[in-house]
> 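Just dropping this structure here.
The analysis underlying the following values was restricted to heavy atoms, covering all of them including side chains, and did not include hydrogens, waters or symmetry mates.
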Amino acid sequence: MNPEENIGFKLYYFDMKRFKKRLLSFILIISFGLIPAITCQFFAGEPTDKNIHIKNFRYGKDPSVIRCNRGDRLHLTFSTEDTGHSFFLEEFDMDVKVSPASDEVSVFKTSDPTKEPVITKEVTITAEHPGILNYIVSKSNYRCHVWCGPMHAFEQGKLVIFPNTLLFFSLGCLIGILFLWFRSVFRNPASNPAESENSKMIDLLEKSGFLRKLIVSRWPQIILTILALVMMYMVIMISIFGTKVSGRNLGVLMMWAVWLFLLVAILTPLFGRSWCTICPLPFFGDWLQRRSLFSPERGQTKGYSNKFYGLFLKWPDRLKNSWSKLIVFLILSTFSTTLVAKPMVSGIAILMLLIIPTLMSFIWELRAFCRYVCPVSVFVAPFSEMSTVTLKNKSQSVCDKCKPHFCQKGSPGGWACPYGLNVGEMKDNTECGLCLECVRSCSFKNVSLFRRPFGSESVVRSLSDAWLTIAIFTMAIVYSILYLGVWPLVRDYVNILDKQNWDLFGIYVLVVWFLALVIVPASLYLLAYIGVQISKVKTTVREVFLGYTGVLLPLGLMLWIAFVIPMLFVNITFIAQSASDPFGWGWDFFGTANIPWHQFLPQYVPWFQAFFILTGIYFSLKNLQKKWLSLQLKSSQLLKISLPIGLFLISVTVFMLFFFTN
């Protein structure tokens, strides 16, 4: 067997061994979940009759949560305190239209709303589902399908049927994950984590010469970037000049339902900062600095081996951190409801995000906006550490011998790194925007893309990055409560659109900013101090704090995915409607402008959310153990230093499981 075949056999054996280990762990976790899920079925309450009166108002319903036993007969009556509303419960095939002018309601079928409605004063449903779904579906969302104002999309409530199979299953799976974690802590493997992760990486460009040619050629990247730019232009135009109803404005739906889902749930976890590869925001700025889309211009510009135009000033040293973009992100996050509910505001905000980097390119060198200001990078930068694709050198010794630093300074084959990075000095992919210029500029072909296991990195190296990570973690929870919660009072605190609650909005801003910038960071720092004290580990509280912050990343990413799933699934039909009539001007290009509203797999959304949250806590706990391997700790020390942040992660997980499933 030659050396290459021997290496290939070892990798195959290693992958099979790892696959079997993960399969056994998965089976064990599922087994832990099935025990309480099956047991709870024997404690189902006897069906009874319940009379429930549902009050509708801007923007909520009372009761906002209906809890009942499987088989209960629910006798529902309705009223409205202001304008027309509806009680849309797709899993029970009903859309009840409520009018302020009548005590009677019109009951339509969601499966066929063209059928003649039933006019009645009371609607009776049985709290059960057909077949196996009766034991699987425990939670349903009821919504409003009559536009009643700019925050109409927030009007919703929950129907929870006991026994709650999903909740018990999720909590059981969590116990299984904790069992595996405790077991691994006391086994305490002593392998070097860096060597272990490097051994799992596969060079994608070495395996595929065609892929390397695609990357070295600028055509595919430029074509995709121009397509993204065209889409952004359409989003801006439709948002500004289209219908003011956000749920029927294609610009708003494409930005905050489709693009956000793709960025959060697919691009970032699978391909890291691949959105940055084709992002249109720096497109015009790059062209103004380079005066070329293809061939790098020879010359010298302030230490770089390419010719650049503009003032090309250095970014201030004191601002070379994550604080600026964190503030920009929090400002936009603060007004997120306005961005979603007011299409024109959304369109203007996106237009400004295109203009600002272009103007900055006249003044500062390279992609200063992307590095220090861009709010999108607040999300993709830290969570790119979780991705299955990374960019790195193939040989560190080759980089150490390289004096021209082509990857950073540029060469005839490629532009200087727009992010100012030297591949030989990169410890992770947080700051790398995957522009791929280093692959083109390296004369030694020592830069490549690698496939690696999900969640391989969770490193936070500075305090500004730590605060950024904590803020994005905190906002995943805040957004879930704000957008997916059932509490009308919470929405009143952000309603500056038609209720003009500026006093409540001010309180909301103070609470959210104080939570993201003070309360949660201070809590984690206190936990780090406790971890150092009880474990007696010879390290600083600062290092433990940074380590604690890093293990938030897997759970934080999965919380974001759990948040964006209903944002897309609920709006699938509206996207199809708006695509056929993008401006809301009565067009019908594809014959879908007037199709009835149907959500995508609404009965399974809570299951998807629970799955991703459990996946997040699994990888967070796994990385927590991996975090301290280099310290060669005893099992008792490893447990003690991990316990404070472990309890924090478990508490957040339990809270969010209850939130999404109960």
Side-chain angles (χ1 to χ4, degrees), residues 139 141 143 153-154 156 158 228 231 235 246-247 249-276 279 329 332-333 335-337 339-341 346 349-350 375-384 386-388 454-455 469 471-486 494 552-576 578 599-617 619 652-653 655-657 659-661:
K139 195 193 85 166
N141 281 24
R143 304 178 182 275
F154 292 83
Q156 59 183 305
K158 318 282 185 190
M231 292 300 295
V235 166
S246 60
N249 187 290
L250 184 62
V252 170
L253 292 170
M254 289 297 294
M255 190 70 189
W256 306 119
V258 178
W259 173 81
L260 189 62
F261 177 85
L262 292 175
L263 179 75
V264 172
I266 297 177
L267 293 179
T268 301
L270 296 182
F271 308 108
R273 294 187 63 166
S274 56
W275 168 253
C276 301
C279 178
F329 170 78
L332 290 176
S333 299
F335 291 93
S336 60
T337 52
L339 291 173
V340 172
S346 185
I350 298 167
V376 180
S377 71
V378 172
F379 178 88
V380 298
F383 289 135
S384 65
M386 298 293 99
S387 76
T388 57
F454 176 80
T469 301
I472 199 72
F473 180 88
T474 304
M475 292 309 298
I477 300 173
V478 170
Y479 272 4
S480 295
I481 294 172
L482 179 62
Y483 284 92
L484 306 180
V486 297
V494 296
L552 297 178
L553 290 171
L555 181 57
L557 176 59
M558 295 303 153
L559 287 173
W560 273 96
I561 294 177
F563 164 70
V564 299
I565 285 174
M567 302 293 284
L568 177 67
F569 284 24
V570 169
N571 291 298
I572 285 289
T573 301
F574 295 134
I575 294 168
S578 302
Q599 302 168 84
F600 182 65
L601 302 176
Q603 63 270 42
Y604 299 114
V605 166
W607 282 88
F608 294 146
Q609 293 170 319
F611 168 78
F612 283 111
I613 291 171
L614 291 170
T615 301
I617 187 64
F619 280 101
V652 171
T653 300
F655 173 77
M656 296 309 293
L657 284 176
F659 176 81
F660 284 122
T661 67

> Do the ring planes of Tyr479 and Phe563 sit parallel (below 30°), tilted (30 to 60°) or perpendicular (above 60°)?
tilted
> Please identify each residue that fulfils side-chain hydrogen bond (donor to acceptor under 3.5 Å, both in side chains) with Ser246, with sequence neighbours left out.
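Ser246 satisfies side-chain hydrogen bond (donor to acceptor under 3.5 Å, both in side chains) with no residue once adjacent residues are dropped.
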> Taking all atoms of both residues into account, what is the closest heavy-atom pair of Ala265 and Pro269, and its distance?
O-CG, 3.3 Å
> Check whether any side-chain N or O of Tyr483 sits under 3.5 Å from a backbone N or O of Thr337 as a donor-acceptor pair, and report yes or no.
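Judged by distance alone, yes, a pair lies under 3.5 Å.
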> Taking C-beta and beyond as the side chain, do Leu267 and Val380 meet within less than 4.5 Å on heavy atoms?
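No, their side chains stay 4.5 Å or more apart.
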> Output the distance between atom CH2 (Trp560) and atom CZ (Phe261), rounded to the nearest 0.5 Å.
14.5 Å
> Starting at CD1 of Ile575, measure out to CG of Leu250 and round the result to the nearest 0.5 Å.
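Interatomic distance, Ile575 CD1 to Leu250 CG, rounded to 0.5 Å: 8.0 Å.
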> Side chain to side chain contact (heavy atoms under 4.5 Å, CB included), that's the test. Do Leu262 and Leu568 meet it? Break it down for me.
CA-CA 10 Å; Leu262 292 175; Leu568 177 67; over 6 Å; no
> Name the orientation class of the two ring planes belonging to Trp259 and Trp256 (parallel below 30°, tilted from 30 to 60°, perpendicular beyond 60°).
perpendicular
> Rounded to the nearest 0.5 Å, what separation is found between the OG1 atom of Thr653 and the CG atom of Leu614?
7.5 Å
> What closest approach, in Å, do Leu559 and Ala476 show between heavy atoms, and which atom pair accounts for it?
CB-CB, 3.9 Å
> Tell me, with the steps shown, if Met558 and Phe611 meet side chain to side chain contact (heavy atoms under 4.5 Å, CB included).
CA-CA 9 Å; Met558 295 303 153; Phe611 168 78; over 6 Å; no
> Given side chains that start at C-beta, do those of Val376 and Leu263 come closer than 4.5 Å, heavy atoms only?
yes
> Please report the interatomic distance CH2(Trp607) to CD1(Ile565), rounded to the nearest 0.5 Å.
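Result: 14.0 Å between the selected atoms.
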> With a 4.5 Å heavy-atom cut-off, do Thr268 and Val264 have their side chains touching?
no
> Excluding sequence neighbours, so at least two apart, what forms ring pair (Phe, Tyr, Trp, His ring centres under 6.0 Å) with Phe600?
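Phe600: ring pair (Phe, Tyr, Trp, His ring centres under 6.0 Å) contacts with Phe569.
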> Working note: Met656 + Ile617, criterion side chain to side chain contact (heavy atoms under 4.5 Å, CB included); need CA distance, chi angles, decisive distance, verdict.
CA-CA 11 Å; Met656 296 309 293; Ile617 187 64; over 6 Å; no
> Minimum heavy-atom separation for Phe473 and Leu552, please, with both atom names.
CD1-O, 3.7 Å
> Kindly determine whether Ser377 and Arg273 satisfy side chain to side chain contact (heavy atoms under 4.5 Å, CB included), including the steps that lead there.
CA-CA 8 Å; Ser377 71; Arg273 294 187 63 166; 3.9 Å; yes
> I'd like to check Phe379 versus Leu557 (side-chain heavy atoms, cut-off strictly below 4.5 Å). Are they in contact?
yes
> What distance do Leu553 atom CG and Phe383 atom CZ have between them, rounded to the nearest 0.5 Å?
6.0 Å
> Quick one: are Val340 and Met567 in side-chain contact, heavy atoms under 4.5 Å?
no
> So which heavy atom on Leu253 is nearest to which on Phe574, and how close?
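It is CD1-O, 3.6 Å.
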> Under 3.5 Å, is there a donor-acceptor pair between the side chain of Ser387 and the main chain of Phe271?
no
> Measure across Val235 and Gly251 and return the closest heavy-atom pair with its distance rounded to 0.1 Å.
CG1-O, 3.5 Å
> Does a side-chain heavy-atom distance below 4.5 Å link Ser578 with Met254?
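Side chain of Ser578 against side chain of Met254, heavy atoms only: no contact under 4.5 Å found.
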> By ring pair (Phe, Tyr, Trp, His ring centres under 6.0 Å), which residues pair with Phe619, not counting sequence neighbours?
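Residues passing ring pair (Phe, Tyr, Trp, His ring centres under 6.0 Å) with Phe619: Phe454.
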> Taking all non-hydrogen atoms of both residues, which atom of Leu332 and which atom of Pro375 are closest, and how far apart?
CD1-CG, 3.6 Å
> Report yes if some heavy atom in the side chain of Ile477 is under 4.5 Å from a heavy atom in the side chain of Phe659; otherwise report no.
no
